[in-house]
Amino acid sequence: MAEVLVYVDHADGAVRKPTLELLTLARRIGEPVAVALGAGAADTAAVLAEHGAVKVLTADAPEFTEYLVVPKVDALQAACDAVSPAAVLVPSSAEGKEIAARLAVRIGSGIITDAVDLEAGDEGPVATQAAFAASFTTKSRVSKGTPVITVKPNSAPVEAAPAAGAVEALAVTFGALATGTKVVSRTPRESTGRPELTEAAIVVSGGRGVNGAENFGIIEALADSLGAAVGASRAAVDAGWYPHSNQVGQTGKSVSPQLYIASGISGAIQHRAGMQTSKTIVAINKDAEAPIFDLVDYGVVGDLFAVVPQLTEEIKARKG
């Protein structure tokens, strides 16, 4: 069976959930070979093997930490040369998409970004994408070279599938461009205790109808009762009610959780583009004609200031 490279997104050896989802997808089209780079790369092997990696290629060098993107592209290119994979899968983060694009140019291959599903095809992997602000679903495949595909978080379940996970050192030769952009400082992001927005299984978002930064507390309370991430519409962010890092939409972050709850959000196309691939969508809005109701699986016509607190209390009561 052909091998499939999976780029590992990890923090000092702690593997992030989207990588484990990629291993599930990779098993549909071949044998997953994970590529872990940087500090803690070797520590990822046990988890990766537990989720299906037949082999783990590791490399650690200061370049992966001290410089942006290009050293990782050099490493993935070296992995492609060593493995001759049937495809390369990369998490669809901002960094992941840049790595994938640069790699595709390097190896002369086509690229598919923001896939939400992947299946085997007679002529190579077939990816499902949401196109034109998620108004259409398309199926496509790369027709030239080794397919390079980025996949959105929450596109596949995390499934245990124990494999060998043999660790092998990856020999990487860095090119002249690898040290072109140096990282001069880092500031740790403050933790809210909530899941990362793009990786969360549940997202609760507030919009213009929340009517002020002081009222986002009820959105946060609902999110916390569900163990969810908090999102915001562009209108709420532009008004200064919530940080831009939490914006969901075409000019913010794209999410695809199992459950998306939109409170006080009208459903403009800009917002829909960032959440329309969510598996189940619930909307709470007092305007029965709001466009968001054309999209939802469940809709509540009512005042969010009455509905959301009641929902939060009911969830807490059921949790006991």
Indicate whether the side chain of [X] and that of [Y] have a donor and an acceptor atom separated by less than 3.5 Å.
X      : Y      : result
Arg106 : Gln77  : yes
Asn154 : Lys17  : yes
Ser92  : Lys152 : no
Thr280 : Gln258 : no
Tyr242 : Glu220 : yes
Glu21  : Ser155 : no

Under 4.5 Å between side-chain heavy atoms, counting indirect links through other Ile/Leu/Val/Met/Phe/Trp/Tyr residues: same cluster for [X] and [Y] or not?
X      : Y      : value
Leu295 : Leu259 : no
Ile281 : Leu197 : yes
Val35  : Val90  : yes
Ile292 : Val204 : no
Leu22  : Val158 : yes

Given side chains that start at C-beta, do those of [X] and [Y] come closer than 4.5 Å, heavy atoms only?
X      : Y      : value
Val148 : Val142 : no
Pro91  : Thr19  : yes
Leu57  : Val33  : yes
Thr137 : Thr128 : yes
Ile261 : Ser205 : no
Leu89  : Tyr7   : no
Val183 : Arg186 : yes
Arg16  : Pro153 : no

Keeping [X] on the side-chain end and [Y] on the backbone end, is there a donor-acceptor pair under 3.5 Å?
X      : Y      : value
Thr24  : Pro157 : yes
Asn215 : Val210 : yes
Arg28  : Leu118 : yes
Gln310 : Ala306 : yes
Asn285 : Ile265 : yes
His10  : Gly38  : no
Asn246 : Val230 : yes
Arg27  : His51  : yes
Glu199 : Pro18  : no
Thr146 : Ala87  : no

Checking Val151 against Val116 for the side chain to side chain contact (heavy atoms under 4.5 Å, CB included) test, could you report, in this order, the C-alpha distance in whole Å, the side-chain angles of both residues, the deciding distance, and whether it holds? CA-CA 6 Å; Val151 182; Val116 295; over 6 Å; no
Salt bridge (charged side-chain N to carboxylate O under 4.0 Å, His left out) assessment of Lys55 paired with Glu3: CA-CA 10 Å; Lys55 192 185 304 179; Glu3 293 178 317; 3.5 Å; yes
In Å and rounded to the nearest 0.5 Å, what is the [atom1] to [atom2] distance from [X] to [Y]?
X      : Y      : atom1 : atom2 : value
Thr150 : Gln129 : OG1   : CD    : 8.0 Å
Leu222 : Leu226 : CG    : CG    : 5.0 Å
Ser225 : Glu314 : OG    : CD    : 10.5 Å
Leu68  : Glu95  : CG    : CD    : 7.5 Å
Ser263 : Phe305 : OG    : CZ    : 10.0 Å
His271 : Gln247 : NE2   : CD    : 9.5 Å

Using the benzene-type ring in the case of Trp, are the ring centres of Phe174 and Phe64 under 6.0 Å apart?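 Distance test on ring centres: under 6.0 Å, yes.
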Check this for me: [X], atom [atom1], are more than 12 non-hydrogen atoms of other residues, nucleotides or ligands nearer than 6.0 Å?
X      : atom1 : answer
Leu177 : CG    : no
Arg194 : CZ    : yes
Lys319 : NZ    : yes
Asp81  : CG    : yes
Glu289 : CD    : no

What verdict does the side chain to side chain contact (heavy atoms under 4.5 Å, CB included) test give for Val282 and Tyr260, after you've listed the backbone C-alpha separation in whole Å, the side-chain angles of each residue and the deciding distance to 0.1 Å? CA-CA 6 Å; Val282 177; Tyr260 188 86; over 6 Å; no
Can you name the nearest heavy-atom pair linking [X] to [Y], along with the distance?
X      : Y      : result
Val56  : Ala45  : CG2-CA, 4.2 Å
Pro147 : Ala86  : CD-O, 3.1 Å
Ala223 : Ala229 : CB-O, 4.1 Å
Ala200 : Pro257 : O-CB, 3.4 Å
Ala104 : Ile111 : CB-CB, 4.0 Å
Gly206 : Ile219 : N-CG2, 4.1 Å

Ion pair check, [X] and [Y], cut-off under 4.0 Å:
X      : Y      : result
Lys139 : Asp117 : no
Lys286 : Asp303 : no
Glu98  : Lys72  : no

Going through the checks in order, is the side chain to side chain contact (heavy atoms under 4.5 Å, CB included) test met by Val6 and Val88? CA-CA 6 Å; Val6 174; Val88 181; over 6 Å; no
What do the steps show when you test Thr312 against Asp224 for side chain to side chain contact (heavy atoms under 4.5 Å, CB included), and what is the final call? CA-CA 9 Å; Thr312 303; Asp224 291 342; over 6 Å; no
